[in-house]
Amino acid sequence: MADHLRVNNLFDVAGLWVTITGAGSGIGRMLAKGCAVNGAHTILIDVNDAGLHETRALLEKIVSRPNGMATEIIVIQGDLSSEDGIKIITGKIKSTLPSTCLDAILHCAGIRYMNEITYTPGDGLKRLEEATLSAPYGCWEKTFRVNVLAPYYLTAGLITLLGSAAAKGEGRGCVVLFSSPASVHNHQFVPIYQTSKAAVDHLVRIMAAEFADFYIRVNALSPGIVPSAMTPNDGTSNLRLAEETPAKRAGSEEDMVGCALWLISKAGAFMDGKRH
């Protein structure tokens, strides 16, 4: 028979334990909702305590509906921008997770700094100097701490739990980082963010190769223009460019959740070391 090819079997995430960073807003919140409505247990992480609890309240409404699926929701407020913060969060996950396995990590937390001065062709050499130097030095460091070091060290700290899940097969024990089209284009001069996301792309390949012996899968999603705190609908963010994309619109909850469920479920079990 072909029941194993049915969508509800291929993309089933019910009962899986999924950790989501940046769950207090944006794509992290979208994916938290997508996991909860499909029966996955979630561990929500964010530095923004108020946003984190808003997400938890949304998930509790979802799972409490008559047709909702029973899921557990764990909230951990913490700062991923420091080594100590990552260690504290890792310890809390290990101590509160009612399982010896972690089926997936979705590294949605991220920050994006713009240069404080913009250069326009024709402005002159002095303006170019000012614009290039206006990328704050400290912002380089913090961006790499959040966008690159956090997913690396949080994954490393939870590797045993991921490996235990991966041993069960069916795509479990996977890691999803978040890249960006900015990692491969120079359409805008946003060097701090662009360079950090290029680092994410290569980090995915490196970790996927390193973890291959246990088939702890590592992939990245590159979502493009999606409404979030990073791209608010204020007329000035990149959200205004959404109509220039092939889809002629910004990415939606359905777009984000569909891709994530594919990667963390049996449907994506053959996918490793890729940026999508």
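All residue numbers refer to positions in the sequence shown, counting from 1. What you see below is based on every heavy atom in this structure, not just the backbone, and it leaves out hydrogens, waters and symmetry mates.
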Query - Shortest non-hydrogen separation from Trp262 to Ala267 and the atoms involved - result: NE1-O, 3.6 Å
Query raised in the report: Stepwise, does the side-chain contact (heavy atoms from CB on, under 4.5 Å) test hold for Thr132 with Leu128?
Result: CA-CA 6 Å; Thr132 307; Leu128 177 61; 3.8 Å; yes
Requested in this report: Would you check if the side chain of Gln194 reaches a backbone N or O of Ser183 as a donor-acceptor pair within less than 3.5 Å?
Outcome: no
Requested in this report: Please name the pair of heavy atoms, one in Ile111 and one in Tyr193, separated by the smallest distance, quoted to 0.1 Å.
Outcome: O-CD1, 3.4 Å
Query raised in the report: Once you round to the nearest 0.5 Å, how far does OG of Ser196 lie from CG of Leu203?
Result: 11.5 Å
**Report entry** Side-chain donor/acceptor of Ser265 to backbone N/O of Leu10, under 3.5 Å
**Finding:** yes
Report summary line: Taking every heavy atom of Ala23 against every heavy atom of Leu44, the minimum-distance pair comes out as CB-CB, 3.8 Å
Query - Hydrophobic cluster membership, Phe178 vs Val257, 4.5 Å side-chain cutoff - result: yes
Query raised in the report: Tell me, which pairs form a ring-ring contact (aromatic ring centres under 6.0 Å, His included) where one or both residues lie in residues 127-148, sequence neighbours left out?
Result: none
Query - Interatomic spacing from NZ in Lys274 to CZ in Arg205 - rounded to 0.5 Å - result: 9.5 Å
Just list the side-chain donor-acceptor pairs under 3.5 Å for residues 152-166, sequence neighbours left out, or say none.
residue	atom	partner	partner atom	Å
Thr155	OG1	His107	NE2	2.8
Thr155	OG1	Pro151	O	2.7
Ser164	OG	Thr160	O	3.0

Query raised in the report: What heavy-atom pair brings Lys61 and Ser64 nearest, and what distance separates the two atoms?
Result: O-OG, 3.1 Å
**Report entry** Pair listing, salt bridge (Lys or Arg N to Asp or Glu O under 4.0 Å) test, anchored in residues 87-96, at least two apart
**Finding:** Glu83-Lys87
Report task. Let me see the working for Asn147 and Arg112 under side-chain contact (heavy atoms from CB on, under 4.5 Å), right down to the final yes or no. Result -> CA-CA 9 Å; Asn147 293 2; Arg112 179 177 186 263; over 6 Å; no
Requested in this report: Kindly indicate, with the supporting measurements, whether the criterion side-chain contact (heavy atoms from CB on, under 4.5 Å) is fulfilled by Lys126 and Glu130.
Outcome: CA-CA 6 Å; Lys126 181 61 176 177; Glu130 293 171 347; 3.6 Å; yes
Requested in this report: Show your working on side-chain contact (heavy atoms from CB on, under 4.5 Å) between Ile264 and Asp103 and close with a plain yes or no.
Outcome: CA-CA 8 Å; Ile264 70 175; Asp103 298 294; over 6 Å; no
**Report entry** CG (Leu125) with more than 12 external heavy atoms under 6.0 Å
**Finding:** no
Report summary line: Between Pro223 and Ser179 the two heavy atoms that sit nearest each other are CD-O, 3.6 Å
Query raised in the report: Can you pull the ring-ring contact (aromatic ring centres under 6.0 Å, His included) pairs that have at least one residue in residues 63-94, sequence neighbours excluded?
Result: none
Report summary line: dist Asp123:CG -> Glu129:CD (nearest 0.5 Å) comes out at 13.5 Å
Query raised in the report: Mind checking whether Val75 and Ile88 sit in one hydrophobic cluster, side chains of I, L, V, M, F, W, Y counted as touching below 4.5 Å?
Result: no
Report task. Following the transitive rule for hydrophobic clusters with a side-chain heavy-atom cut-off under 4.5 Å over Ile, Leu, Val, Met, Phe, Trp and Tyr, establish whether Leu102 and Tyr215 coincide in one cluster. Result -> no
Tabulate below the donor-acceptor pairs under 3.5 Å that side-chain atoms of residues 29-42 make, not counting sequence neighbours, or state none.
residue	atom	partner	partner atom	Å
Arg29	NE	Thr55	OG1	2.8
Arg29	NH2	Gly24	O	2.8
Arg29	NH2	Gly51	O	3.0
Arg29	NH2	Glu54	OE1	3.3
Arg29	NH2	Thr55	OG1	3.4
Lys33	NZ	Glu253	OE2	2.7
Asn38	ND2	Gly34	O	2.7
His41	ND1	Glu72	N	3.0

Requested in this report: Output yes when a side-chain donor or acceptor of Asn48 lies under 3.5 Å from a complementary backbone atom of Ala50, and no otherwise.
Outcome: yes
Query raised in the report: What distance do Ile62 atom CD1 and Ile73 atom CD1 have between them, rounded to the nearest 0.5 Å?
Result: 8.0 Å
Query raised in the report: Mind checking what makes side-chain hydrogen bond (donor to acceptor under 3.5 Å, both in side chains) contact with Ser180, not counting sequence neighbours?
Result: none
Requested in this report: Answer yes or no: is there a side-chain heavy-atom contact under 4.5 Å between Trp17 and Ile93?
Outcome: no
Requested in this report: Taking Asn219 for its side chain and Met271 for its backbone only, find out whether a donor-acceptor pair lies under 3.5 Å.
Outcome: yes
Query raised in the report: Mind checking whether Ile216 and Leu97 sit in one hydrophobic cluster, side chains of I, L, V, M, F, W, Y counted as touching below 4.5 Å?
Result: yes
Query - For Ile20 against Gly28, the heavy-atom pair lying closest together - result: CG2-O, 3.7 Å
Query raised in the report: Is there a chain of hydrophobic side chains (I, L, V, M, F, W, Y, each step under 4.5 Å between heavy atoms) that links Leu221 to Phe270?
Result: no
**Report entry** Spacing of NZ belonging to Lys142 relative to CG belonging to Leu149, to within rounding of 0.5 Å
**Finding:** 13.5 Å
Requested in this report: Please confirm whether the backbone N or O of Ala198 pairs with a side-chain atom of His202, one donor and one acceptor, at under 3.5 Å?
Outcome: no
Query raised in the report: Looking at CZ of Arg275 and CG of Asp201, how far apart are the two atoms once the value is rounded to the nearest 0.5 Å?
Result: 4.5 Å
Query raised in the report: Do Thr195 side-chain atoms and Ile192 backbone N/O form a donor-acceptor pair below 3.5 Å?
Result: no
**Report entry** Donor-acceptor pair between Asp79 and Ser81 side chains, under 3.5 angstrom
**Finding:** yes
Report task. May I ask you to decide if Ala131's main-chain N or O and Asn115's side chain share a donor-acceptor pair within less than 3.5 Å? Result -> yes
